[in-house]
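Notes follow once the structure below has been shown.
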Amino acid sequence: MIENLAKTYDPKEFEDRIYKYWMENGFFKAEVNKEKKPFTIMMPPPNVTGNLHMGHALNNTIQDILIRWKRMEGYEALWQPGTDHASISTEAKVVEKLKKEGKSKEQLGREGFLEEAWAWTNKYGGNINNQLKKLGVSCDWDRERFTLDEGLSYAVEEVFIRLYNKGLIYRGNRIINWCPNCKTAISDAEVDHEETEGHIWHIKYPIKGEDKFITIATTRPETMLGDLAVAVNPQDDRYKDLVGKTAILPLVNREIPIIADDYVDMEFGTGAVKITPSHDPNDFEVGARHNIGQLKIMNDDATINENGGIYEGLDRYEARKRIVEDLKAQGYLVDEKKHLHSVGHCERCKTTVEPIISKQWFVKMEPLAKPALEAYREGKLNFIPERFGKIYVHWLENIKDWCISRQLWWGHRLPVYYCNDCDEIMVSREKPETCTKCGSNNLYQDPDTLDTWFSSALWPFSTLGWPEKNEDLNYFFPTDVLVTGYDIIFFWVIRMVFSSIEQMGEVPFKDVFLTGLVRDSLGRKMSKSLGNGIDPLDVINEYGADALRFTLVTGNSPGNDMRFYMERVEANRNFANKLWNAARFVLMNLDEKVAVEPIDKSSLEEEDRWIISRINTVIKEATTNLEKYEIGIAAQNIYDFIWDEYCDWYIEMVKPRLYGDNLSSKETAEKVLLYVLENILKLLHPFMPYITEEIWNHLPSREKALIISDWPTYNREDENKESERKMSFVMSAIKGIRNARQEMNIAPSRKATLIFVTQDEAVKDLIDYGRRYFVNLASADTIIIEDDKSNLGDNNLSVVLDRCEVFIPLKDLVDLDKEIERLEKEREKLEAELKRVRGKLSNEGFLKKAPEEVVAKEREKLEKYENMMDKVLQRIDSLKSSK
RNA sequence: GGGCGAUUAGCUCAGUUGGUUAGAGUGCCACGUUGACAUCGUGGAGGUCAUUGGUUCGACUCCAAUAUCGCCCACCA
């Protein structure tokens, strides 16, 4: 008897202790080891000041499963952790904090603000890592990186400079998305489009020198203050004679040309479009083609600027209202209709984005997108599930240049300097002494910082020390798999791919595993504003990290959203408890000396061979499924085996041996129980690392920690189909007997004689051999085997099996009518089956074209069912006639 | 306007290349405290796999339409 486990599973008692044990022993560490193959995963860096939510819990659980499994398989497994500075989001939080203190960014100045931001980062920066630790993640914490680290910042500058020198980064005056609340430019990817109910107004512009008008349509009338032309389609007969003439902008009285451009859709609106080149991307293009100049009419906070005349100072929506009123009053408003259209919002603060002309820095995307597309087409990059490949391709094929400058302070400042005297641009890591063009020493650095995603795009190699050439980079890069949410493909996945190809010459990872969203029980997105978020830490606290992890990876296939139910967590906690108690049972019955002895195969009994064969198959199935990233199915394989086969059948079958007098048989049972338990713990470890390690630590046979033990492998010689067939007969007999007894309401405590009637010698042997199964599991006291049933009376329950009938004499308890009714139900079931099988076998096409083995299987079924049907009918007749 | 996903037991979901008596968890009903576990055991009820066609000897699985729901992308003022 061995030191016992606690009576009930209590994850709180050991989870933290086990995590500490792993950390103290350095099991998560990875280092260059030429003896081993590397396996690398880069953890998507969470926002440094963020908190763990279910999305993190999901993708980190998946990563941890993969890394633990590969570590056990003998790979040098590196899981690289770290955090992201999240420029716009962190800056907003700090600004808000300052606001509460009555301070502002501008008051503090850049230096002062950055001090505040670092203080904030240091205060909240550790939170998410501690939360991840609760989940059990086995990443190499010694390698933790932060996107604003010195090394990573160096990499960012390096890439910027390289791309600039290659002409892939440029500064340009173009239409960008401006967030008037965050007061910065944002990239296209950071704009969420939302269908919004607005209005469309038709406004007539007088034609100069004529008593005519041209009517345009717009959804943003305030932008007319910046109109520099009216455009029509050159094919449009309605307006042919107006092209080349001049329109007079109402309210403003500016003279603007009427131009012809293919961009205009004759079918839409009035077929005439106002052109506002500084406030609309299409108008910008049209304007450029016709060389009509620029006129910006808005400030950074979306109020009208000095170019807006009497509307100066008004907010954009106030200006819209006033302009519509004025147009109406002056008779220019022709029509006003409700109109559904898509409006861009700032992904972070939800403010309506204003397209606006601005001087910003851009990455030229086409030359970078091309090799990224090729890599995918050449199969160097796989998506799981595959369908996301299409999204990747579509985005890259339609990509536009990436606006990377942000009017923020928290982030990587552009390594760009300007000459105050001659406006020369100098890109360099350090501030140049003098202007490279005019020699002036009157230089200043660009105040802008880079898009956060510019630095995270480099994550797979910057974290390994790039641009320095080192062993780590050589060994661990490229990485093996990236696990992240599908909502981040554009922001991050694609940018890592083209950045890696550009800087490293190869893709950063082979596989991209995309997770779905974790939703609440009603299918809604978990969000702060709805207050429907479930805190993973609360769940861990109540049910343990293992139960949470199991819940997140089961009952769901890759890329699909899932609903989160506490009932499911509870069920998985119950599973952990089941395993806990099974282990407790094994240990209670295990002799310490026996535990370390090898199994003598010749002493194995039928159920031993069966369970060994079964675990062997499960090892194969689970491993294959993991290889296919079918994590949920792998988990299900293991779960079913543990609960149904190991606990419900094997442990129950083996009990008489453990309590019996045959010492050798008892010891064999102990060894097999332990052997299977060891393999169960290994298989389940990646999914439920805590409970498995805790139980493992109680096994007398353990040599080293479970986390670094060897992943089990399939052995051909352990597979035993013969034992599986035999056991499946025994189990179906037991089930049949239990079923009949319960249907007839005979309590399990009422022991009975079982009379097996069969002429099949093999079946006889098996029943004889397996007496104890029936005694223990089918409430039998005596077991009799007969050739012939002719002298058995009718006062029996009868169970029809394959090649065998069981009679249970329970004279006083058996109600004949009820028994007939029960057998009639059996008959109906068999009838349906027979009909199906006969149908198949009488179909000539089936016989001709189906594979032989499939036909043979159906023939076997037919024989079996016919045989069983005969017996059931005989029995029914016999009972009826004896009434 | 394009693209994608979902539709399977009351509920939430699996079902891996077409051949299973279509599964699980949960819920429901009945019975059960034999020393691993009531966070349990045993048995049961419950599904014409959204609809309609097609391919095939054979379709939950492949193809095409339809319907409903959801998501993503897109410059139509």
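Keep in mind that what you see is a predicted model, and the values were worked out from it rather than measured. Protein chains get the first letters and strands the later ones, always in sequence-line order, with residue 1 at the start of each.
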What's the separation between atom OH in A/Tyr650 and atom CD1 in A/Ile611, rounded to the nearest 0.5 Å? 7.0 Å
Inter-nucleotide C1' distance (B/G41, B/A22), Å rounded: 26 Å
With a 4.0 Å cut-off, would you call A/Glu670 and A/Lys666 a salt bridge? yes
Classify the ring geometry between A/Trp395 and A/Phe490 as parallel (under 30°), tilted (30 to 60°) or perpendicular (over 60°). parallel
Given the P atoms of B/G15 and B/U56, what is the spacing between them in whole Å? 28 Å
Output yes when at least one side-chain N/O atom of A/Asn574 is less than 4.0 Å from OP1 or OP2 of B/C40, else no. yes
Of all residues at least two apart in sequence or in a different chain, which pass the side chain to side chain contact (heavy atoms under 4.5 Å, CB included) check with A/Arg838? A/Leu834, A/Leu862, A/Glu866
Starting at atom CD1 of A/Ile746, determine the distance to atom C1' of B/G43, rounded to an integer number of angstrom. 13 Å
Look at all strands and tell whether A/Trp201 reaches a base, only sugar-phosphate, or nothing, counting heavy atoms closer than 4.0 Å. nothing
Is the phosphate of B/C4 approached by A/Tyr392 (side-chain N or O, under 4.0 Å from OP1 or OP2)? no
I'd like the P distance from B/U16 over to B/C31, given in whole Å. 39 Å
Using a distance-only test with no angle check, is there a side-chain donor-acceptor pair under 3.5 angstrom linking A/Asn625 and A/Asn637? yes
Protein-proximity profile, nucleotides 71-77 of chain B, B/S/- by nucleotide at the 4.0 Å heavy-atom cutoff, equals --SBBBB
Side chain of A/Tyr639 only, please: which of B/G25, B/U39, B/C4 is the nearest? B/G25
One thing to verify: whether A/Glu858 and A/Lys861 come together as a salt bridge, which I'm taking to mean a side-chain N less than 4.0 angstrom from a carboxylate O. yes
Could you label the plane-to-plane angle of the A/Phe14 and A/Tyr9 rings as parallel, tilted or perpendicular, counting under 30° as parallel and over 60° as perpendicular? tilted
Candidates B/U39, B/G41, B/G43 - which lies nearest the side chain of A/Asp648: B/G41
Ion pair check, A/Asp236 and A/Arg238, cut-off under 4.0 Å: yes
What integer number of Å spans the P atoms of B/A14 and B/G25? 16 Å
What is the distance, rounded to the nearest whole Å, between atom CD of A/Glu386 and atom C1' of B/G3? 17 Å
Just the rounded figure in Å: distance from P of B/C4 to CZ of A/Arg387. 11 Å
Under 4.0 Å, counting only non-hydrogen atoms across every strand here, what does A/Glu652 touch: a base, just sugar-phosphate, or nothing? base
A/Phe550 atom CZ is separated from B/A24 atom C1', nearest whole Å, by 12 Å
Distance between the P atoms of B/G58 and B/C13, in whole angstroms? 34 Å
If you measure from the Lys or Arg side-chain nitrogens to the Asp or Glu carboxylate oxygens, is any gap between A/Glu652 and A/Lys655 under 4.0 Å? yes
Who passes side chain to side chain contact (heavy atoms under 4.5 Å, CB included) against A/Glu833, sequence neighbours left out? A/Arg836, A/Tyr865
Let me check I have this right: for RNA chain B, each base becomes ., (, ), [, ] or |, based on Watson-Crick or G-U pairs with both distances under 3.5 Å. What is the full string? (((((((..((((.....[...)))).(((((.......))))).....(((((..]....))))))))))))....
Distance check needed: B/U39 C1' versus A/Asn581 CG, whole Å only. 9 Å
Checking side-chain polar atoms at under 3.5 Å, does A/Asn589 have a donor or acceptor matched by the opposite partner on A/Tyr659? no
When all nucleic acid strands are considered with a 4.0 Å heavy-atom cut-off, which category describes A/Lys7: base, sugar-phosphate, or nothing? nothing
For A/Asn739 and B/G44, is the shortest distance between a side-chain N/O and OP1 or OP2 below 4.0 Å? yes
Can you check whether A/Trp643 has a side-chain N or O nearer than 4.0 Å to OP1 or OP2 of B/G41? yes
Between B/C62 and B/U17 - P atom distance, rounded Å: 8 Å
Starting at the 5' end of nucleotides 8-21 of chain B, put B wherever the base has a protein heavy atom under 4.0 Å, S where only the sugar-phosphate does, and a dash everywhere else. ---SSSSSB--BSB
From B/U39, B/U42, B/A36, pick the nucleotide closest to the side chain of A/Arg738? B/U42
Residues at least two apart in sequence or cross-chain that pass side chain to side chain contact (heavy atoms under 4.5 Å, CB included) with A/Asn532, listed by chain then number, are A/Asp520, A/Arg524, A/Met526, A/Ser527, A/Leu530
Under a 3.5 Å threshold, yes or no: a donor from one side chain and an acceptor from the other, between A/Lys274 and A/Thr276? yes
Rounding to an integer number of angstrom, what distance separates B/C71 and B/U26 when you compare their P atoms? 31 Å
Give a yes/no answer on whether the side chain of A/Lys578 brings an N or O atom under 4.0 Å of OP1 or OP2 in B/G41. yes
